[in-house]
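Reviewing the structure listed below.
Each chain gets a letter, A, B and so on, in the order its sequence line appears, and its residues count up from 1.
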Amino acid sequence: MSVVVLVEVEEGRASLVSREALTFARSLGAGDLHAVVVGPAPEAVVADCRDAGVAVVHEAGDPALERYAAAAWAAVVEAAGRAARADLVVAPGTGRGNEVLAHVAARRNLRMAANVVAVESLAPLVVQRQVVGGAALERATVDGRVRLLTMAGHAVEPSAADAPGAARVAPLALTIDPQDLRAQVVRVEKRESGDTSGLTAAKVVVGAGRGAGGPDGFAAVDRLAERLGGAVGVSRVVTSLGWRPHHEQVGQTGSRIAPDLYLACGISGSIQHWAGCASSRTIIAVNTDPDAPMVTKADYAVIGDMHEVLPAVLEELG
Amino acid sequence: MTDVLVCVKRVPDPTGEVVLTPDGMRVDGRYAGYTTSAHEEAAIALAVQVAESTGGSVTVLSVGAAESVEQIRAGIAVGATDGILVEADPDLLGPADVAAAVAEALRVREEAGRTYGLVLLGNDAADTGDFQVGVRLAYLLGRPVVAGVQTLEVDGDVATLRGEGPEGTEVYEVALPAVATVLEGGVSPKYPSVVGRMKAKKAEVETLGWTGSPVGAGREALTVPEPPPNEVTVIGEGTAAAPGLVAVLRELKVVHG
Ligand SMILES: Cc1cc2nc3c(=O)[nH]c(=O)nc-3n(C[C@H](O)[C@H](O)[C@H](O)COP(=O)(O)OP(=O)(O)OC[C@H]3O[C@@H](n4cnc5c(N)ncnc54)[C@H](O)[C@@H]3O)c2cc1C
Ligand SMILES: Nc1ncnc2c1ncn2[C@@H]1O[C@H](COP(=O)(O)O)[C@@H](O)[C@H]1O
């Protein structure tokens, strides 16, 4: 038996969710651990794979892969699956991971389980996966010659294997079919104002929801974020009312954040919002309602009007 | 002229409290009510834009029980032209089955002389979140597919689609006919007007059956995880809590200077 994990590259490293997927795949004890990287595997990524206990890193160097095309990525994953004789393929539950594995599922007529958090048994493969935006868990059987699953983010902590793997780099021999490039990125418009990296990497996020009251209700939120060297994050109500841009949204359909501190002001704490902020180390809620889920789930809370509390905090900070 | 088909799913309102049916197999929507997901509402809004700019039409399709006609009519109320209900027991269907049922409905329409240059779906359904129907459908139809689209324009036989990637906004140019799955955020959902509601009541919704044999979703059971026990420390109330809050910020070492 062997497992292939799709490893996404982010700033020259294996992305966090990819390292989580590697850790998870290793913990299954389902045989040899293989990684597949689309494009040439950077040395630091090979090192991440070695630490995670990967035996073989399959890489695909076809220049046609330079711009993202999900079908072509799927062809690469299939080739790695064949080379590894895999019976299980795991991808990170990111936009790309879910998309690429759905292509593999469609091409090979296989089942796929998205956003898995745990495996209950290997034969038959029974998983627990997040549904309804994380509000419920589904226990599902995944049958088939090859089983496909994507990992929900933060289901496990990435960790190194007891013994590093050989991480032998094996180039995949494959030619990309032009059919698989019919839907390919033609260009990337680099983010300027729409940059979410500041939000997802921030150590401090000051959040604001409907309680801000309107587009003019963010002055103290902006100032506090600046004072703490952090970023502003908002709820979907705020973006759908057009008070703030969508790239600032935290949650299931926004960014997932994991700061040291999330200071959530005037946010009720719906399941969908919580899905994006649950990994924050410390959460402080500022809310007029002591029974709001954001308050009951937080580490600390201040009960009060954010328009009074935040200016007082700014004054106290000097 | 581009005719657009939008696939919508009737789902228990995911913003409400999740209550399971007694057998633990489904979310009981009787308390929270039913809706379509935000991604599909965005897909309808994009489809209406395309229809307006190209002089085409929008058909809303749902696979499911007879009640799904409510979600179809809600789509017509915000600008779609007509609807298709593919009647099938939703509890027996997995994502591959839904894709097959949609493909069959498209064939029926095609035989009747109606071809859809663009098929739009949500990126993932609000309840099951399989992330698959659109991609599986594209392969059944032999069409290219782009996932996670937030805006799109159609010019002749080419669609320009944009979505957020890891490094910025990714732009695709794809020859029609094509399939795309939509993520909310690029377009504001439409709200029904009085005229729209009137139109929706009267609009034609064709009912079709599906003759395939379902492979299902592999679901064994649903559970609603207990929230982990939590003790919140209430620092205080109103402005009087400011010094206490700042003390916590200092303790957490997030205040510099
Ligand atoms: C498929 C789907 C995806 C979704 N994705 C997301 C997502 O990614 N992110 C997201 O945030 N939501 C998402 N939602 C929406 C989510 O369900 C909630 O509707 C939303 O998070 C609520 O936003 P809110 O907390 O700002 O508003 P509300 O729920 O209206 O809460 C406002 C809160 O502010 C408090 N308040 C009011 N005035 C004040 C004041 N002056 N001072 C202090 N407190 C005050 C109130 O007590 C209340 O708790 C999604 C929903 C669906 C169906
Ligand atoms: N029963 C259904 N009827 C119509 N469309 C559906 C149905 N199920 C899923 N879809 C569409 O497929 C998308 C993705 O669903 P899924 O792959 O199940 O996450 C949804 O957002 C809908 O647009």
Side-chain angles (χ1 to χ4, degrees), chain A residues 10 68 70 95 98-99 102-103 105-107 111-112 114-115 126 130-133 135-143 182-191 194 203-204 228-229 240 246 253 260-261 270 272 282 284 295-305 308-309 312-313 316-317, chain B residues 14-15 18 20 27 38-39 124 126-132 135-136 138-139 144-148 165-175 178 183-185 188 217-225 227 230 232-239 241-243 245-246 248-249 252 254-256:
Chain A
E10 197 176 280
Y68 177 67
N98 280 319
E99 182 183 14
H103 275 262
R107 297 156 78 93
R111 268 194 207 278
M112 158 182 160
N115 285 325
V126 179
Q130 289 177 344
V131 292
V132 204
L137 289 177
E138 177 184 75
R139 187 160 171 264
T141 303
V142 191
D143 55 15
R182 287 182 301 169
Q184 181 173 32
V185 172
V186 291
R187 63 179 180 278
V188 177
E189 292 164 355
K190 294 269 184 242
R191 281 194 194 96
K203 293 272 174 236
V204 176
L228 299 176
S240 34
H246 183 261
T253 50
D260 292 339
L261 170 66
S270 68
Q272 292 87 4
T282 302
I284 306 180
V295 172
T296 56
K297 289 173 163 179
D299 300 289
Y300 300 94
V302 171
I303 309 307
D305 185 337
E308 293 167 8
V309 175
V313 168
E316 185 74 22
L317 283 169
Chain B
T15 58
V18 175
L20 301 184
V27 176
H39 301 324
D124 50 287
D127 56 349
T128 52
D130 288 308
F131 294 81
Q132 292 166 45
V135 175
R136 288 187 188 270
Y139 279 87
V145 54
V146 180
E167 275 149 25
T169 303
E170 296 179 333
V171 186
Y172 293 82
E173 282 161 13
V174 177
L183 270 182
E184 69 156 343
S188 304
R219 173 178 292 182
E220 306 285 349
L222 284 184
T223 48
V224 177
N230 182 50
V232 54
T233 304
V234 177
I235 299 169
E237 287 187 22
T239 50
L245 178 51
V246 170
V248 172
L249 297 181
L252 294 171
V254 295
V255 179
H256 308 284

Shorter than 4.5 Å, heavy atoms on both sides: which option in [options] has the most such pairs with chain B?
options: A:N115, A:V188, A:L261; result: A:V188
options: A:S240, A:A114, A:A183, A:G229; result: A:A183
options: A:G304, A:A106, A:G133; result: A:A106

*So A:V131 and B:D127, side chain to side chain contact (heavy atoms under 4.5 Å, CB included) or not? Walk me through it.*
CA-CA 6 Å; A:V131 292; B:D127 56 349; over 6 Å; no

With the side chain counted from C-beta on, respond yes when [X] and [Y] share a heavy-atom pair under 4.5 Å apart, and no when they do not.
X: B:R219; Y: A:R139; value: no
X: B:L222; Y: A:L137; value: no
X: A:L317; Y: B:V255; value: yes
X: A:Q272; Y: B:P14; value: yes
X: A:I303; Y: B:V234; value: yes
X: A:I284; Y: B:L245; value: yes

Which atoms of [X] come close to chain A, meaning under 4.5 Å heavy atom to heavy atom: side chain ones, backbone ones, both, or neither?
X: B:A147; value: both
X: B:V246; value: side chain
X: B:V145; value: both
X: B:A217; value: backbone

Counting only non-hydrogen atoms closer than 4.5 Å, does [X] touch chain B with its backbone (N, CA, C, O), its side chain (CB onward), both, or neither?
X: A:T141; value: both
X: A:D305; value: neither
X: A:V313; value: both
X: A:A70; value: neither

Compare every heavy atom of [Y] with every heavy atom of [X], then report the nearest pair and how far apart it is.
X: A:A298; Y: B:V232; value: O-CB, 3.5 Å
X: B:G218; Y: A:R111; value: N-NH1, 3.8 Å
X: A:E308; Y: B:T239; value: O-CG2, 3.5 Å
X: B:F131; Y: A:A102; value: O-CB, 3.4 Å
X: B:P225; Y: A:A136; value: CD-CA, 3.9 Å

If we ignore hydrogens and angles and just use 3.5 Å, is the side chain of [X] paired with the main-chain N or O of [Y] as donor and acceptor?
X: A:E138; Y: B:A221; result: no
X: B:N230; Y: A:D299; result: no
X: A:D260; Y: B:L252; result: no

Atom pair [atom1]/[atom2] of [X] and [Y] - distance to nearest 0.5 Å:
X: A:M112; Y: B:D130; atom1: CE; atom2: CG; answer: 8.0 Å
X: A:H103; Y: B:Y139; atom1: NE2; atom2: OH; answer: 4.5 Å
X: A:N98; Y: B:Q132; atom1: CG; atom2: CD; answer: 8.5 Å
X: A:Y300; Y: B:L249; atom1: OH; atom2: CG; answer: 10.0 Å

*May I have the step-by-step check of side chain to side chain contact (heavy atoms under 4.5 Å, CB included) for A:V185 and B:V171, ending in yes or no?*
CA-CA 6 Å; A:V185 172; B:V171 186; 5.8 Å; no

*When heavy-atom pairs shorter than 4.5 Å are enumerated against chain A, which of B:T128, B:V18, B:L20, B:L183 gives the highest number?*
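Counting heavy-atom pairs under 4.5 Å, the top option is B:T128.
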
*salt bridge (Lys or Arg N to Asp or Glu O under 4.0 Å) with B:E173: which residues, sequence neighbours excluded?*
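Partners of B:E173 by the salt bridge (Lys or Arg N to Asp or Glu O under 4.0 Å) criterion, ordered by chain and then number, come out as A:R187.
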
*Kindly write out the residues that satisfy salt bridge (Lys or Arg N to Asp or Glu O under 4.0 Å) with B:R136, not counting sequence neighbours, or none if the list is empty.*
none

